[in-house]
Asks: 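Have a look at this one.
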Number of protein chains: 2
Amino acid sequence: MKNTEAATNLRMTRQRRIILEELCKLKSHPTAYDLHDLVRDRLPNVSLATVYRNLEILSDQGIIQRLDTGPGQRRFDGNPAPHSHVRCIGCGRVADSSSSPEGLNEAGQICSECGYLILGCTIEYTGLCPECRKDPAAAPANNWEV
Amino acid sequence: MKNTEAATNLRMTRQRRIILEELCKLKSHPTAYDLHDLVRDRLPNVSLATVYRNLEILSDQGIIQRLDTGPGQRRFDGNPAPHSHVRCIGCGRVADSSSSPEGLNEAGQICSECGYLILGCTIEYTGLCPECRKDPAAAPANNWEV
DNA sequence: GTAAATGCAAATTGTTTGCTTACTG
DNA sequence: CAGTAAGCAAACAATTTGCATTTAC
């Protein structure tokens with residue numbers, strides 16, 4: 001039930017639409033909990049589970065973006081295009097970074113777009129390890145390998 | 001109890017030493033659970049909580065590195081120096097990447113150091129948001145702000 | 001001797017799932 | 001009307017914590 005999932009016919013429900021609308025309205029990158037709070041202003045009975053389910057579906061569809069970086073809760077970005085982020089080590093908030101990739105040594109600078117004081121930078125590549133390239137289907141079983 | 005913590009006198013217990021030794025022996029980046037499994041060969045009664053506690057303390061001290069990137073469990077790196085990583089989207093394993101920062105468009109290439117097929121790249125900066133810069137002590141309270 | 005660390009079990013937190021009912025296409 | 005999605009509550013997984021006991025310095 002991951003990426004081997006058959007495509008289903010998605011329906012644009014009231015909840016899904018409002019969750020998406022509210023997320024896209026924000027320049028920030030809320031947690032599911034944050035967004036649930038916001039959406040409840042328009043849909044008082046919406047459940048947190050629905051927010052989680054829709055955020056997952058929408059990011060699987062490439063309509064929004066999951067930010068799995070950093071400790072703590074997962075955050076979401078209404079903009080699916082790849083771009084870099086700055087995470088505040090104080091409060092955990094995440095903002096878009098205007099920083100260009102070549103500016104890797106800009107620790108100590110203030111990001112012109114978001115006003116964050118830049119302290120560090122992490123680069124993470126994603127890919128497939130040799131084992132998973134051989135047999136992608138077997139990959140999840142290796143999950144616990146050190 | 002975060003970064004405002006007073007320095008305590010750390011003691012090099014048998015458990016702490018062995019946890020550190022085993023982590024540093026690895027070229028891989030295990031989860032706390034993985035490491036607990038390994039350490040139990042030498043310390044059969046060590047608890048998972050002790051492993052978690054020590055990994056946190058050691059990374060707070062800058063002796064090891066926490067990898068908070070990616071979904072799923074946190075991973076740890078015995079090498080505290082900043083360097084980039086590749087995370088397998090199949091099995092979740094993390095390896096060191098030899099990729100140079102300028103090689104950002106190397107999707108499709110095989111990492112010469114780890115053999116992973118590179119598919120994507122995420123850049124995340126860390127820093128302090130304007131609010132936390134004003135009053136770092138107040139920062140954690142803003143944790144929930146969207 | 002005293003503060004720090006351990007082991008154990010229980011508590012928390014963030015996220016997911018099962019199931020029945022409601023609603024979209 | 002057929003199948004997807006919602007709401008609710010319960011289940012889960014990863015991590016953290018309380019507490020009595022042990023250990024390092």
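Residue numbers begin at 1 in each chain, while the letters A, B, ... track the order of the sequences.
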Asks: Let me have a per-nucleotide readout for nucleotides 19-25 of chain D, 5' to 3', with B, S or -, counting only protein heavy atoms under 4.0 Å.
Replies: ----BBS
Asks: For A/Ile57 and D/dA6, what is the distance between atoms CD1 and C1' respectively, to the nearest whole Å?
Replies: 11 Å
Asks: Hydrogens and angles aside, do A/Thr50 and A/Gln15 bring a side-chain donor and acceptor to less than 3.5 Å of each other?
Replies: no
Asks: Using whole Å, what does the distance between atom C1' of nucleotide D/dA5 and atom CG of A/Leu48 come to?
Replies: 16 Å
Asks: I want to confirm an ordering. Mapping B/Asn45 and A/Arg66 to their closest nucleotides on DNA chain C, which one lands closer to the 5' end?
Replies: B/Asn45
Asks: Nearest whole Å is fine: how far is C/dA5 P from B/Leu43 CG?
Replies: 16 Å
Asks: Would you mind reading off the distance between B/Leu55 atom CG and C/dT6 atom C1', rounded to a whole angstrom?
Replies: 15 Å
Asks: Rounded off to whole Å, could you give me the CG-to-C1' distance for the B/Leu58 and C/dA5 pair?
Replies: 13 Å
Asks: Please, which pairs that meet salt bridge (charged side-chain N to carboxylate O under 4.0 Å, His left out) have at least one residue in residues 62-71 of chain A, sequence neighbours excluded?
Replies: A/Arg66-A/Asp68, A/Asp68-A/Arg74
Asks: State which of C/dG14, C/dG7, D/dG7 makes the closest approach to the side chain of A/Tyr52.
Replies: C/dG14
Asks: State whether the side chain of B/Asp60 and the backbone N or O of B/Ile57 hold a donor-acceptor pair below 3.5 Å, judged by distance alone.
Replies: no
Asks: Can you tell me which nucleotide in C/dT15, D/dT4, D/dT15 comes closest to the side chain of A/Asn9?
Replies: D/dT4
Asks: Hey, which sits more toward the 5' end of DNA chain D by its nearest nucleotide, A/Gln15 or B/Arg74?
Replies: A/Gln15
Asks: Specify the closest pair of heavy atoms between A/Cys132 and B/Cys88, including all atoms of both residues, with the distance to one decimal.
Replies: SG-SG, 3.6 Å
Asks: Between B/His83 and B/His29, how do the two ring planes meet: parallel, tilted or perpendicular, split at 30° and 60°?
Replies: tilted
Asks: Please report the distance, rounded to the nearest Å, between CG in B/Asn54 and C1' in D/dT16.
Replies: 14 Å
Asks: Could you tell me the separation between the CD atom of B/Gln73 and the P atom of C/dT16, rounded to a whole number of Å?
Replies: 13 Å
Asks: Taking all heavy atoms of A/Cys129 and all of B/Arg93, pick out the closest pair and write down the distance.
Replies: SG-NH2, 3.8 Å
Asks: Between D/dA14 atom P and B/Arg75 atom CZ, what is the distance in whole Å?
Replies: 11 Å
Asks: Sequence neighbours left out, what passes side-chain hydrogen bond (donor to acceptor under 3.5 Å, both in side chains) with B/Thr122? Give chain and number order.
Replies: none
Asks: How would you label the contact of A/Ala49 with the nucleic acid (heavy atoms, under 4.0 Å): base, sugar-phosphate, or nothing?
Replies: base
Asks: Think B/Ser47 has a side-chain N or O under 4.0 angstrom from the OP1 or OP2 of C/dC8?
Replies: no
